[in-house]
Amino acid sequence: MEPEIFAFAIVRRGYDRAQVDAYLAQLAAGTTPDTPPAFDLARRGYDRAQVDARIAELRAG
């Protein structure tokens with residue numbers, strides 16, 4: 001099964017892309033961390049609202 005690709009908008013200040021990608025890779029591998037993610041803010045990062053919504057969907061289902 002191929003990993004799901006997430007296409008988040010890149011904004012001026014958003015979540016650190018490497019941290020988000022690593023967290024989503026853990027979720028895709030079936031590992032759900034006990035604590036909610038805490039991503040650093042970075043220039044040209046992923047749109048925070050899009051990432052938060054997608055993580056909420058993945059954790060719920």
Side-chain angles (χ1 to χ4, degrees):
M1 181 173 165
E2 291 185 31
E4 190 171 349
I5 302 296
F6 301 103
F8 299 115
I10 296 176
V11 296
R12 287 179 110 185
R13 280 192 65 73
Y15 287 145
D16 181 276
R17 293 185 287 174
Q19 291 174 348
V20 172
D21 291 341
Y23 185 82
L24 292 176
Q26 285 182 334
L27 289 178
T31 305
T32 304
D34 295 334
T35 59
F39 304 119
D40 294 329
L41 293 179
R43 291 178 62 165
R44 297 200 35 81
Y46 287 142
D47 182 271
R48 292 177 279 176
Q50 290 177 357
V51 172
D52 289 342
R54 187 62 185 139
I55 288 174
E57 289 174 13
L58 291 171
R59 290 180 65 108

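For reference, positions follow the sequence shown, starting with 1.
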**Report entry** Non-neighbouring partners of Tyr23 that pass ring-ring contact (aromatic ring centres under 6.0 Å, His included), sequence neighbours left out
**Finding:**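 Checked Tyr23 against ring-ring contact (aromatic ring centres under 6.0 Å, His included); matches are Phe39.
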Query raised in the report: Are Leu41 and Val51 in one and the same hydrophobic cluster, where Ile, Leu, Val, Met, Phe, Trp and Tyr link if side-chain heavy atoms are under 4.5 Å apart?
Result: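 Yes, because Leu41 and Val51 connect within a single hydrophobic cluster, where side-chain heavy atoms sit under 4.5 Å apart.
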Report task. Output all residues satisfying side-chain hydrogen bond (donor to acceptor under 3.5 Å, both in side chains) with Gln19, sequence neighbours left out; order by chain, then residue number. Result ->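 If we apply the side-chain hydrogen bond (donor to acceptor under 3.5 Å, both in side chains) test to Gln19, skipping adjacent residues, the hits are Asp40.
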Query raised in the report: Which pairs with one or both residues in residues 6-18 pass side chain to side chain donor-acceptor pair (under 3.5 Å), sequence neighbours excluded?
Result: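 Qualifying pairs: Tyr15-Asp52.
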Requested in this report: State, with a plain yes or no, whether a side-chain heavy atom of Leu58 is found less than 4.5 Å away from one of Leu24.
Outcome: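 Side-chain contact under 4.5 Å: yes.
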